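So the structure is just underneath, and the comments pick up after that.
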Amino acid sequence: RSIRIEREIRRFKISIKRHEMYCGENYYKGKQDILRRKRTAIGEGGKLESVDNLPNNRIVDNQYQKMVDQKNNFLLGNPITVQGDNEEYIKLLQQQYFNAKFCRTLINCGKDLINCGIGWLFPCHNQFGELYFKRIKPYELIPGWKDAEHTELDYMIHIYPVVVYEKNSSEDKVVERVEVCDEGGITYFELTNSGNLIPVAPFHSNYFAMTDCDGVTTEYNWLKIPFIPFKFNAEEIPLIRRIKSLQDAVNAIESNFQNAMEEDVRNTIMVLVNYDGTNLGEFRRNLATYGAVKVNTADGGGGDVRTLQIEVKAENYNAILQILKKALIENAMGYDAKDDRLGGNANELNIQSMYSDIDLDANGTEIQLQAALEEMLWFINAHLYNTNVGDFSNETVDFIFNRNVMINESIIIENCQKSQGVISDETIIAKHPWVDDPQKELERIEEEKQKNIEQYSNVFNDNQDDNTNDNSDGDE
């Protein structure tokens with residue numbers, strides 16, 4: 001078995017899939033290919049040679065990061081709404097599991113699934129025995145799938161670096177640890193430089209342990225491999241594959257324009273006639289130092305310097321840059337927040353048109369996330385059952401993603417007002433842009449009605465008392 005795992009690790013380390021994972025994360029952090037660019041020129045024999053004396057700007061215009069954050073916050077920027085028939089169960093889920101802490105974990109996992117095509121959460125327990133979900137980097141995991149659709153795991157290989165402190169050495173040593181997770185628990189190895197696996201302590205363990213009232217601790221395993229996949233799409237294709245070439249082109253255009261602006265001496269090609277100098281290097285040095293050159297008459301011919309002007313047109317660079325950025329947004333299936341359709345008083349049709357691509361892409365991602373949250377719910381229900389909280393395995397739960405969409409509030413409020421008397425107040429309140437919880441808003445409205453009734457009743461009673469006193473005075 002260890003030989004098979006070693007082969008899996010070797011294949012994964014040199015695979016295009018892992019390379020794209022690293023590439024996506026590096027591009028998000030601004031570590032892009034333009035930073036390694038060198039200026040070249042045609043040398044002897046027609047071969048390209050590096051040239052060190054030319055301006056070599058390496059500008060990173062990180063449109064890729066913008067697209068990742070845009071798509072991530074569009075779908076996961078707002079907390080997920082959990083709904084179901086069992087109110088106590090739903091309240092328990094919202095307070096302990098799908099709370100603000102989990103929202104932070106989920107939005108970080110969202111960056112993983114966009115950058116790498118897939119993100120992973122691992123259910124584990126803290127020191128108090130509480131269940132929580134830990135995020136693990138996708139390029140550290142090698143999943144072994146049971147089926148071609150990648151819906152059920154057979155095993156999982158976890159590779160991660162560990163710093164080892166050695167007493168007799170002044171430098172720390174970094175080693176690679178390997179954990180093989182299957183239905184029998186976790187087996188621990190160390191990966192040598194030659195790619196071989198060596199068993200290390202604690203050699204083997206189960207996934208979690210429970211202590212009963214008598215203080216007896218028993219270890220258990222999950223009935224499923226405890227790794228939950230959050231996929232960007234069904235094919236697990238990362239965003240970087242769509243737009244890397246366009247991002248590189250944007251960086252190259254802006255860097256080239258800056259280079260051209262800084263090459264002020266080379267913007268003009270010098271044509272020399274009877275130049276009184278030793279070589280072109282001396283000529284360029286004199287020109288850069290003194291701003292002038294000395295040309296003598298030689299062999300009866302007149303000396304002269306003529307120029308061929310090279311004009312750097314910013315319009316050309318700007319035109320191609322706008323084309324590239326538009327293509328990048330379209331291929332990323334994002335949106336341009338500075339779209340002309342948003343000028344003035346943008347209507348709902350223009351807003352929906354601007355969001356059409358990102359909304360379509362988010363639909364596919366949401367389907368994958370719904371399946372992942374159902375897997376996550378299975379572990380939560382198992383934990384609640386194991387801790388004698390209750391059996392909620394038959395409960396139905398709906399996860400609603402509240403997408404972060406820009407809207408024209410005035411138009412929606414106007415439509416809500418026009419809908420009064422046509423549809424129920426509950427439906428109108430649910431569609432109002434200022435309402436987050438329709439049920440609480442209905443309760444507030446009912447409380448205000450009761451207060452108004454009480455105030456009106458008190459005023460009416462005071463008026464009745466005043467009238468009674470007036471009539472009594474008149475009789476006397």
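Keep in mind that what you see is a predicted model, and the values were worked out from it rather than measured.
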TODO: Answer yes or no: is there a donor N or O on one side and an acceptor on the other, between the side chain of Gln247 and the main chain of Tyr64, under 3.5 Å?
DONE: yes

Task: Basic-acidic side-chain contact under 4.0 Å: Glu20, Lys244 - done: no

Task: Asn394, CG: over 12 other non-hydrogen atoms inside 6.0 angstrom - done: no

Task: Arg37 backbone acceptor or donor facing Asn56 side chain under 3.5 Å - done: yes

Task: Closest heavy-atom pair and its distance - Leu369, Phe401 - done: CB-CZ, 3.7 Å

Open item on the list: Can a donor-acceptor pair be found, under 3.5 Å and without considering hydrogens, that links the side chain of Asp359 to the backbone of Tyr355?
Closed with: no

Open item on the list: Tell me every residue that passes ring pair (Phe, Tyr, Trp, His ring centres under 6.0 Å) with Phe102, counting only those two or more places apart in sequence or in another chain.
Closed with: Phe98

Open item on the list: For a 4.5 angstrom cut-off between non-hydrogen side-chain atoms, does Ile186 reach His204?
Closed with: no

Open item on the list: Is there a side-chain contact between Asp248 and Ile34 in this structure, where contact means two heavy atoms from C-beta onward sitting under 4.5 Å apart?
Closed with: no

TODO: Mark yes when over 12 heavy atoms from residues, nucleotides or ligands other than Arg7 sit less than 6.0 Å from its CZ; otherwise mark no.
DONE: no

Open item on the list: How long is the straight-line distance from CD1 of Ile240 back to CD of Gln32, given to the nearest 0.5 Å?
Closed with: 7.5 Å

Open item on the list: Under the rule for salt bridge (Lys or Arg N to Asp or Glu O under 4.0 Å), what residues qualify as partners of Lys13, not counting sequence neighbours?
Closed with: Glu176

Open item on the list: The test is side chain to side chain donor-acceptor pair (under 3.5 Å); show your working for Tyr160 and Glu179 and say whether it passes.
Closed with: CA-CA 9 Å; Tyr160 57 96; Glu179 297 177 0; 2.7 Å; yes

Task: Thr365 (side chain) donor-acceptor with Phe232 (main chain) under 3.5 angstrom - done: yes

Open item on the list: Is the terminal nitrogen or CZ of Lys111 (NZ for Lys, CZ for Arg) located under 6.0 angstrom from the six-membered ring centre of Trp120 and within 45° of that ring's axis?
Closed with: no

- [ ] Please confirm whether the backbone N or O of Thr192 pairs with a side-chain atom of Asn196, one donor and one acceptor, at under 3.5 Å?
- [x] no

Task: Between Asn86 and Glu395: side-chain donor-acceptor atoms closer than 3.5 Å - done: yes

Open item on the list: Show the nearest heavy-atom pair for residues Gly334 and Gln70, with the distance to one decimal.
Closed with: CA-OE1, 3.3 Å

Task: Nearest-0.5 Å distance, CG of residue Asn108 to CG of residue Asn72 - done: 8.5 Å

Open item on the list: With a 4.5 Å cut-off on side-chain heavy atoms, are Ile253 and Tyr317 touching?
Closed with: yes

- [ ] Show your working on side-chain contact (heavy atoms from CB on, under 4.5 Å) between Arg177 and Phe189 and close with a plain yes or no.
- [x] CA-CA 6 Å; Arg177 291 288 171 84; Phe189 299 94; over 6 Å; no

Open item on the list: With a 3.5 Å distance limit and no angle check, can you tell me whether Gln370 reaches the backbone of Phe399 through a side-chain donor-acceptor pair?
Closed with: yes

TODO: Would you check if there is a donor-acceptor pair between the side chains of Asp33 and Tyr27 at a distance under 3.5 Å?
DONE: yes

TODO: Is it possible for you to check whether Arg4 lies under 6.0 Å from the centre of the six-membered ring of Tyr155, through NZ or CZ, and within 45° of that ring's axis?
DONE: yes

- [ ] Please confirm whether the backbone N or O of His150 pairs with a side-chain atom of Lys231, one donor and one acceptor, at under 3.5 Å?
- [x] yes

- [ ] Verify side-chain contact (heavy atoms from CB on, under 4.5 Å) between Asn386 and Phe208, making sure each step is shown before the conclusion.
- [x] CA-CA 11 Å; Asn386 292 336; Phe208 63 95; 4.1 Å; yes

Open item on the list: Contact between Leu191 and Val178 at the side-chain level, heavy atoms closer than 4.5 Å - yes or no?
Closed with: yes

Open item on the list: Can a side-chain donor-acceptor contact be found between Tyr188 and Ser205 if the only test is distance below 3.5 angstrom?
Closed with: yes

TODO: Kindly indicate whether the side chain of His125, heavy atoms from C-beta on, has any atom under 4.5 Å from the side chain of His383.
DONE: yes

- [ ] Decide if atom NZ of Lys91 counts as having more than 12 heavy atoms of other residues, nucleotides or ligands within a radius under 6.0 Å.
- [x] no

Open item on the list: If the condition is side chain to side chain donor-acceptor pair (under 3.5 Å), which residues does Asp182 pass it with, not counting sequence neighbours?
Closed with: Arg1

- [ ] Could you tell me whether the side chain of Phe122 reaches within less than 4.5 Å of the side chain of Ile228, counting heavy atoms only?
- [x] no

Task: Worked check of salt bridge (charged side-chain N to carboxylate O under 4.0 Å, His left out) between Arg444 and Glu441 - done: CA-CA 5 Å; Arg444 293 190 189 105; Glu441 190 63 28; 3.0 Å; yes

TODO: Could you pull out the closest heavy-atom pair between Leu131 and Pro123, with the gap in Å?
DONE: CD1-CB, 4.1 Å

Task: Point-to-point distance, once rounded to the nearest 0.5 Å, from CD1 of Ile118 to CG of Asn233 - done: 10.0 Å

Task: Glu262 versus Gln258, side-chain donor and acceptor atoms under 3.5 Å - done: yes

Open item on the list: Please check this pair: side chain of Ser356 against backbone of Ser353, looking for a donor-acceptor N/O pair closer than 3.5 Å.
Closed with: yes

- [ ] Verify whether the ring centers belonging to Tyr139 and Tyr22 lie closer than 6.0 Å.
- [x] yes

- [ ] Kindly indicate whether the side chain of Trp145, heavy atoms from C-beta on, has any atom under 4.5 Å from the side chain of Asp154.
- [x] no

Task: Heavy-atom closest contact (Asn115 atom, Gly24 atom, distance) - done: OD1-O, 3.5 Å

- [ ] Could you tell me whether Gln322 atom CD has more than 12 heavy atoms of other residues or ligands within 6.0 Å of it?
- [x] yes

Task: Minimum-distance pair of heavy atoms, taken over all atoms of Asp147 and Glu152 - done: OD1-N, 3.4 Å

TODO: Check the pair Asn221, Glu183 against side-chain contact (heavy atoms from CB on, under 4.5 Å), reporting the backbone distance first and the verdict last.
DONE: CA-CA 7 Å; Asn221 286 319; Glu183 294 180 355; over 6 Å; no

- [ ] Measure the shortest side-chain to side-chain distance between Asp61 and Asn251 over non-hydrogen atoms and say whether it is less than 4.5 angstrom.
- [x] yes

Open item on the list: Restricting to non-hydrogen atoms, name the atom on Ile9 and the atom on Ile142 that form the minimum distance, rounded to 0.1 Å.
Closed with: CA-CD1, 3.8 Å

Open item on the list: With no hydrogens and no angle check, just 3.5 Å: does a side-chain donor-acceptor pair link Thr427 and Ser424?
Closed with: yes

- [ ] For side chain to side chain donor-acceptor pair (under 3.5 Å), just list the numbers for Thr81 and Asn402, CA-CA rounded to whole Å, side-chain angles, deciding distance to a tenth of an Å, and then say yes or no.
- [x] CA-CA 7 Å; Thr81 301; Asn402 301 302; 2.8 Å; yes

TODO: Could you give me the CA-CA distance, side-chain angles and deciding distance for Glu25 and Lys31, then say whether salt bridge (charged side-chain N to carboxylate O under 4.0 Å, His left out) is met?
DONE: CA-CA 9 Å; Glu25 185 163 300; Lys31 301 175 183 178; over 6 Å; no

Open item on the list: Checking Glu254 against Asn57: is there a side-chain donor and acceptor pair closer than 3.5 Å?
Closed with: no

Task: Atom pair CD/SG of Glu130 and Cys124 - distance to nearest 0.5 Å - done: 12.0 Å

- [ ] Ignoring hydrogens and angles, tell me if any N or O in the side chain of Asp357 forms a donor-acceptor pair with the backbone of Tyr335 under 3.5 Å.
- [x] no

Task: Interatomic distance, Ile107 atom CD1 to Asp112 atom CG [nearest 0.5 angstrom] - done: 12.0 Å

Task: Heavy atoms from other residues, nucleotides or ligands near CG of Asn126 exceed 12 (cutoff 6.0 Å) - done: yes

Open item on the list: Under the criterion side-chain contact (heavy atoms from CB on, under 4.5 Å), I'd like the reasoning laid out for Val82 against Tyr97: C-alpha separation, chi angles, the key distance, then a yes or no.
Closed with: CA-CA 11 Å; Val82 184; Tyr97 300 103; over 6 Å; no

Open item on the list: Looking at Cys181, is its backbone amide N or carbonyl O close enough to the side chain of His158 to form a donor-acceptor pair, meaning the two atoms are under 3.5 Å apart?
Closed with: no

